[in-house]
Amino acid sequence: MLRYIARRLAQAAVIVVIVATITFVLIHLAPGDPFSAVMDNPNVSEKVRETLRAQYGLDRPVPEQFVKYVNSLAHGELGWSFSHDRTVREVLGRALPNTLLLMGVALVGSFSLGILIALIQVARRGSITDHALSGLTLFFFSMPDFWFAILALLAFTYWVPIFPVGGAVDPVMHEYMGFGARILDRLRHLALPAIALTLLASASVARYQRAALLDVLPADYIRTARLKGLTEREILRRHALRNALLPIISLIGLSFPALLTGAFFIEKIFAWPGMGYAVVNAIATRDYPLVVGGVIIGSIMVTVGSLLADLLYAWADPRLRSH
Amino acid sequence: MAAMRYAGLLCALFACGCVGTESSAGNAGGTLAISTGGDPDVLIPSLLQSVQAAQIADMVYDRLADIGDSLNILNDKGFTPRLADHWIWSADSLSIAFHINPNAKWHDGFPVRSSDVRFTIASTKDSALGSPAAPLLTNIDSVTTPDSATATYWFHARSPQQFYDAVYQLPIMPEHVWKDIALTGWRASDAAKRPIGSGQYRFVRWIPGAAVELAADTANYRGAPKISRLIWSIAPDFNTALTRFLSGETDFFEQLRPENIAEVRKHPELRTRQYHALLYLFAQFNLRDPANRARPHPIFGNRELRRALTMATDRATIVRSVYDTLALPALGPTVRAYPTTDPNLRQIPFDLPGARKLLDSLGWRAADTNGIRSRNGRPLQFTLSVPSTSKVRVRLAVVLQEELRKAGVKVDVEQLDFPVLVEKERKRAFDAAIGQWSTQPSPGAVRGSWGTAGSRTASGNNYGSYENPVFDAYVDSALSSFDHVQRKAYFTKAYETIIQDAPAIWLAEPIPTVGYHSRLQLVTLRPDAWWAHIPEWSIPADKRIPRDKAPASTAASPAQTPGQKTQ
């Protein structure tokens, strides 16, 4: 098992290096540079821009910049963010916990909710409830992330104002709150983006889980359980669900990229100060080091997430555990 | 002019101001939460670029003197004392001695001294810093400090706006905070994240992506401001920022769009106010061939054709379609807020039949079934580039496309990332583009953005390469004139020259509309900086809401205590 983990980690490292290199080259080849905005002022001359480019080494050939970047990476530095005027490590260090929190809550929430919906659907298969839930999951499955986020924002912060309008905390009062109130404030701000991301992600989980449950229901051991006189609820919970969970565990690994992308849109709409907020703005402002740093962290999250899902799968399936 | 300010008179006036402030200070309090679209870039006056950074820096730092609401930049008329309590011009007007207010202190307790002024100017002019403000200080030779309370500016040449150049472009920064940090390391320094200034608000905290907070400097030499706490609440998405304002989470929203006005009016506790800004938008033509700059552009190289395109454009309709009542048709490469702008500048009138006739006479005749004109087999067609991030500019491009279609001109609208558009403009590799210039109180920027000097050098901002020595001469005469009437007359001639040459279709001059909570009592919104008078805004005690009653911040910006360092 350890050898397997080491091999997967080595593969992950190669993937991260390739993705980072491609991103570095592409973002540098894109027209414009981090100081384009400087030129939107009629009083600022091109000389200023040239000085700034030279100051940050952007006047050097791209291969030279790449070597310099790799060298700083080797020293554990991700570079300097032009748009934030801070180190990339500092910017992402602040943003990453927020993204992980949002993704973590959405991951747990979406799988719990998705499995629950699938169980209800299968328990009442063919009924109006089953059809209604199928329609609902299809609705959320088809809904673009950003559109749903805007609707949720308007609906629950403006039309029915039960949640605060974005951000991770109340920017006006948070610093003046006691410890308990601060925790509550954070939770209130987390609720809406997390619910939005959970609903969007749970749709696919529910559909996968329903199909997996329907696959195992005709199996012999389910028939045996019925013959033993177990109730349908017990059969579903104790026999069908356990066996139908394996494909869903694979889905955890596959859902990491989608969750990360979804989180980016959700963060932008809900002003959630995570990696999405940082990296999307960085692309628009040609903040090269922050874009590449964000991609490196993102690809590490996806590859490690995928590895964890594989390990979970191996742990859950007794046939694989022995290997 | 060798104007002289008398210390006694000014001190008396200033004392009156202090008394007024103090009397109102008893009623001071409240929190102003401003919805804004992004973090400030950097809180160093000589390096900042973003409008958010400018707003915050203007509260934290002080200038030597502040421009008046009329935006007069001739000599020192209308300027009010700030860090300098008075100033004395030399007989030849090549130097101005500013006397520093003896009560002025930095937020860490150090007194403000003339060496701070010298340091600010010297460091900004140093090319190693790469300050965007440096080119604006070229007429300042140096600053000397005969004593700790006097900073004397020395100028290369006498100029009508030398006082403005000296005081407006830069607030003064504390030497003791910055002098030991290498210029190239300023952005990365801790001092950049916790600015120490001498303004009426002191810095409290900056939570990236969330908020910036300032607190009233109650011991300020100019008196305490009327609102105790300022918070910039950051939301990068426009709708989120607007929703925060509409739902009452914030008190002020700086740029409402036409479609938002009706929504704001549904809230009886919200108000709107318009003000004139220093911003104009235009469709700029590239007068040189992008494939070979030695040649004129095959379409826009012809003055009469450019005039025909302007004649074919109903600018009033375009402005109404895009802005409703929140803009006026642009007058030219200027704005109405300048005292030197004649609002009745002679324009090329909208005349579609006339435009068609003119295009016919130039040989551009309708040939294809769609009514698109052509000449010698070449269709009258061009690409109009526009930044995709600006909804307003995209809308302007689409409406303009339709206007010109009626005259038989085919316009392909090309939406580009902002950095891509800037790159194309820099390389002059475009046909036409929807541009905008956000200018300063001095109309002098027109020389770089529309004059020959900005066209011939690769580093110039005159992307369309419009060149007319007559225009240049009028602008130069205007800028060197000390007489307001004469100055305005020269500018009028310059603007009318360029309007008739039509290097661009002058589209719109937005009238920004702010939204604010009714408990706020605003004063004037200055065209160059609506936030300039925030220290004079107030929230009456009987109208305060819970967030107004938040305790004063305990966080302090000072990193040192006075006396730790000698200067």
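Protein chains get the first letters and strands the later ones, always in sequence-line order, with residue 1 at the start of each.
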Next item on the list: Identify the two heavy atoms, one from A/P171 and one from B/A210, that lie closest to each other, and give their separation to 0.1 Å.
Entry: CB-O, 4.1 Å
Checklist line | Gap separating the OG1 atom of B/T240 from the CH2 atom of A/W272, nearest 0.5 angstrom | finding: 14.0 Å
Note to self: List the residues meeting side-chain hydrogen bond (donor to acceptor under 3.5 Å, both in side chains) with B/W450, not counting sequence neighbours, and say none if there are none.
What the structure shows: B/Y280
Next item on the list: Name the member of B/G38, B/P208, B/P546 that forms the most heavy-atom pairs with chain A at distances under 4.5 Å.
Entry: B/P208
Next item on the list: Considering only heavy atoms and a distance below 4.5 Å, find which of B/L246, B/L129, B/L416 pairs most often with chain A.
Entry: B/L246
Margin query: At a 4.5 Å cut-off on heavy atoms, which part of B/S50 comes close to chain A: side chain, backbone, both, or neither?
Written below: neither
Next item on the list: Determine the minimum heavy-atom distance between A/V172 and B/A33, stating which atoms define it.
Entry: CG2-CB, 3.9 Å
Check: If you round to the nearest 0.5 Å, how far is CD1 of B/I207 from NE2 of A/H174?
Finding: 7.5 Å
Note to self: Counting heavy-atom pairs under 4.5 Å with chain B, which one of A/K268, A/E175, A/H84 comes out on top?
What the structure shows: A/E175
Notebook entry, point to check: So is A/R86 actually on top of B/W206's ring, under 6.0 Å and inside 45° of the axis?
Noted result: yes
Check: For atom CZ of A/R182, is the number of surrounding heavy atoms from other residues, nucleotides or ligands below 6.0 Å larger than 12?
Finding: yes
Next item on the list: Find the distance between CD (B/E249) and CG (A/D170) and round it off to the nearest 0.5 Å.
Entry: 6.5 Å
Next item on the list: Calculate, to the nearest 0.5 Å, the distance between atoms CG and CD1 belonging to B/D417 and A/I283 respectively.
Entry: 9.5 Å
Check: Got a second to check how far B/D41's CG is from A/F82's CZ, nearest 0.5 Å?
Finding: 14.0 Å
Note to self: Less than 4.5 Å to any heavy atom of chain B: does that hold for the side chain of A/Y56, its backbone, both, or neither?
What the structure shows: side chain
Notebook entry, point to check: Where on B/K424 is there a heavy atom nearer than 4.5 Å to chain A: the side chain, the backbone, both, or neither?
Noted result: neither
Note to self: Side chains of A/Y176 and B/R229 only: does a donor on one sit below 3.5 Å from an acceptor on the other?
What the structure shows: yes
Item checked: Heavy-atom neighbours of B/D190 CG exceed 12 at 6.0 Å -> no
Next item on the list: Would you mind checking which part of B/A128 comes under 4.5 Å of any heavy atom in chain A, side chain (CB onward), backbone (N, CA, C, O), both or neither?
Entry: backbone
Item checked: Carboxylate-amine/guanidinium proximity below 4.0 Å for B/R187 and A/D85 -> yes
Item checked: Close contacts, residues 156-167 of chain A versus chain B, judged by heavy atoms under 4.5 Å -> A/T157, A/Y158, A/P164, A/V165, A/G166, A/G167
